[in-house]
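Below is one structure, written out as structure tokens; the observations come after it.
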Amino acid sequence: MNWLLVPLFSGLFLSARSVGISPRVLILNMFSDEANVWYNIPEFNVLAQNISVPGLSPLFPEVHCTKNGSICQLTTGEGEINAASTVAALLHSSAFDLRTTYFLIAGIAGVNPKVATIGSVTFARYAVQVGLQFEIDAREIPANFPTGYFPQGTTAPGQYPIHLYGTEVFEMNENLRQLAFRIAKTAEPQLNDTTDCRAARAPYSAAPQFAAAGGSPSVVLCDTATSDTFWSGTLLAETFENTTKLFTNQSAEYCTTQQEDSATLNALLRGALTKTVDFSRIIVMRSASDFDRPPPGESAVASLLGPTPAFVPSISNLHIAGVKIVQAIVSGWKDFEGGIKATNYVGDIFGSLGGQPDFGPGSMFGGKAAKV
Ligand SMILES: *[C@@H]1O[C@H](CO)[C@@H](O)[C@H](O)[C@H]1NC(C)=O
Ligand SMILES: *[C@@H]1O[C@H](CO)[C@@H](O)[C@H](O)[C@H]1NC(C)=O
Ligand SMILES: *[C@@H]1O[C@H](CO)[C@@H](O)[C@H](O)[C@H]1NC(C)=O
Ligand SMILES: *[C@@H]1O[C@H](CO)[C@@H](O)[C@H](O)[C@H]1NC(C)=O
Ligand SMILES: *[C@@H]1O[C@H](CO)[C@@H](O)[C@H](O)[C@H]1NC(C)=O
């Protein structure tokens, strides 16, 4: 080859393959407090490079990365629309090559006191979009409806949805989840807790059905529910617990409540369809900042508007548990580079990435990957 052509050819090669930063881990937070725990920390400096990407939230217009690009952090903005828009914009940016990147969703959430307590750090296999339903106000429901929510296309609560949009359920790589859980467990003794948090747990743990709400913060395997509406109270919690079970054919455990994960996951799924990202490299970590319902004897509105002593500890615990996972992936890259093979179904309710979902009506693509 003529030596003069070499730079030309390598330039062509690189532009076809993308010259972008290829982080080993990308941390996704939803708002400033969740992001701040990753800045000015002893372990690494994600403020060494700030990369502007068109289409990000105007509040958080930059992706932050370490000098060598192995760890990046992005704040999506809150709610489903911000999360989906930000992640979709990132995936279309030529500044990044995310094909082998592990995504660590790291945010706070409400928590079901039947399953876990405030301050705990959870890892989800299923994310369920519980707000995607018909709704009539509870004061106008038929006498035989336990809730005003019922799935689209159905005639009453408890019936499997007929009109699916495709974002109702996402299932993550269970082997990766178990690995992340085991790594995070090593940080369990360091999880932050305070006397105010312990006091807030006491009225729950006195009730036998909320025994799990007592005790110290721990690392827990349980699933997550998404809705733009910030719901609270016993009846809505039971409604969405039922929805979570129904949509996943009884597989998911309703545990954390948040406003973004299904949206983030749908944007990542679209990216996976074009091999821009690997959907089996996603970790959904949510720490518990508040309970999703009051303890016995308290009103729903008092619980929603009352103090949230676990807000700061739950934010700290995202870093305390999550940093172990980031470090394990970055420093153990030879074990992660090729992916952690999934042995469960991974993807959406349509079966878009191939395979047969273990929930819902079955693949819309005959078990094969959708052609895009
Ligand atoms: C890149 O930087 C991170 C921390 O900033 C470090 O842990 C890692 O070993 C460095 N090298 C590679 C190849 O990731
Ligand atoms: C990146 O942005 C942060 C503020 O968001 C700033 O503190 C830091 O100095 C910036 N880094 C560089 C390399 O400019
Ligand atoms: C939790 O964090 C607070 C505030 O930083 C600190 O005062 C307290 O000692 C920490 N508690 C534990 C158990 O680490
Ligand atoms: C949840 O489902 C159970 C079992 O079908 C039912 O008894 C209960 O009324 C439902 N609760 C709500 C709030 O929909
Ligand atoms: C899930 O439940 C629905 C409603 O009962 C059923 O139609 C569907 O076949 C079930 N899916 C799987 C994978 O079991």
Side-chain angles (χ1 to χ4, degrees), residues 20-27 29 31-53 56-77 95-98 100-102 104 125-126 128 133 150-164 166 168-171 183 242-252 319 322-338 344-367:
I21 297 173
S22 183
R24 293 177 176 181
V25 181
L26 177 77
I27 301 158
N29 307 115
F31 66 103
S32 299
D33 298 275
E34 293 169 352
N36 288 340
V37 293
W38 302 99
Y39 304 152
N40 306 307
I41 55 173
E43 295 90 355
F44 46 79
N45 176 22
V46 290
L47 298 178
Q49 291 192 66
N50 301 322
I51 301 113
S52 296
V53 172
L56 300 187
S57 161
L59 297 180
F60 310 105
E62 295 172 328
V63 181
H64 301 288
C65 297
T66 56
K67 197 165 182 152
N68 66 14
S70 67
I71 304 163
C72 296
Q73 182 276 333
L74 172 60
T75 309
T76 62
F96 290 91
D97 176 348
L98 302 168
T100 59
T101 299
Y102 286 80
L104 176 63
R125 172 168 174 168
Y126 295 95
V128 181
Q133 302 199 57
F150 52 113
Q152 294 193 141
T154 71
T155 55
Q159 298 171 14
Y160 204 86
I162 302 291
H163 300 144
L164 295 173
E168 289 79 359
V169 183
F170 293 98
E171 185 170 349
I183 295 164
N242 286 356
T243 302
T244 299
K245 286 260 175 256
L246 177 71
F247 283 16
T248 61
N249 293 57
Q250 311 302 315
S251 294
H319 168 256
V323 78
K324 302 278 184 202
I325 297 168
V326 176
Q327 290 175 315
I329 295 172
V330 171
S331 64
W333 188 241
K334 61 176 183 350
D335 299 324
F336 285 90
E337 187 171 11
N344 62 306
Y345 173 77
V346 169
D348 64 354
I349 198 167
F350 286 166
S352 304
L353 301 176
Q356 280 296 346
D358 51 342
F359 49 87
S363 168
M364 291 191 41
F365 305 99

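Note that ligands are numbered from 1 as they come in the structure, with each ligand's atoms numbered from 1 the same way.
Atom 4 (C) of ligand 1 has F44 CB, 3.9 Å as its closest protein atom, hydrogens excluded (heavy atom only). The single protein non-hydrogen atom nearest to atom 2 (O) of ligand 2 is N50 ND2, 2.4 Å, given as residue, atom name and distance. Of the protein's heavy atoms, N249 ND2, 3.6 Å lies nearest to atom 3 (C) of ligand 5. The protein non-hydrogen atom at the shortest distance from atom 7 (O) of ligand 1 is V330 CG1, 3.7 Å. In terms of protein heavy atoms, atom 9 (O) of ligand 5 is closest to G360 O, 3.9 Å. When hydrogens are left out, the protein atom nearest atom 5 (O) of ligand 2 is H64 CE1, 4.0 Å; that is the closest non-hydrogen contact.
Selection from V46, V25, N68 by nearest heavy atom to atom 10 (C) of ligand 1 gives N68.
Within ligand 1, counting atoms from 1 as listed, the ones closer than 4.0 Å to a heavy atom of R24 are 12 (C), 13 (C), 14 (O). Interface of T66 with ligand 1, defined as ligand atoms under 4.0 Å from a residue heavy atom, comprises 5 (O). Residue-ligand proximity, A48 to ligand 2, at heavy-atom distances under 4.0 Å covers atoms 13 (C). Against a heavy-atom cut-off of under 4.0 Å, S70 is close to the following atoms of ligand 1: 1 (C), 2 (O), 3 (C), 14 (O).
Using a 4.0 angstrom heavy-atom cutoff, P361 does not count as in contact with ligand 5. For Q327, the closest heavy-atom approach to ligand 1 does not fall below 4.0 Å.
In terms of modelled atom types and a separation under 3.5 Å, the side chain of Q49 and the main chain of T66 share a donor-acceptor contact. Put simply, the side chain of E168 gets close to the backbone of G166: a donor and an acceptor are under 3.5 Å apart. A side-chain donor-acceptor contact under 3.5 Å links Y160 to the backbone of G360. Put simply, the side chain of K245 gets close to the backbone of A252: a donor and an acceptor are under 3.5 Å apart. Between the side chain of N45 and the backbone N or O of N40, no donor-acceptor pair lies under 3.5 Å. Side-chain atoms of R24 come within 3.5 Å of backbone atoms of V330 as a donor-acceptor pair (strictly under, hydrogens ignored). Although no hydrogens or angles enter the test, the distance criterion places no donor-acceptor pair under 3.5 Å between the side chain of S22 and the main chain of L98.
For atom 14 (O) of ligand 5, a protein non-hydrogen atom is found at a distance below 4.0 Å.
In summary, of the residues considered (T75, V53, L74, N50), a side-chain contact (heavy atoms from CB on, under 4.5 Å) with E62 occurs for N50 alone.
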Task: Residue pair Y102, F336: steps toward the ring pair (Phe, Tyr, Trp, His ring centres under 6.0 Å) verdict - done: CA-CA 9 Å; Y102 286 80; F336 285 90; 5.5 Å; yes
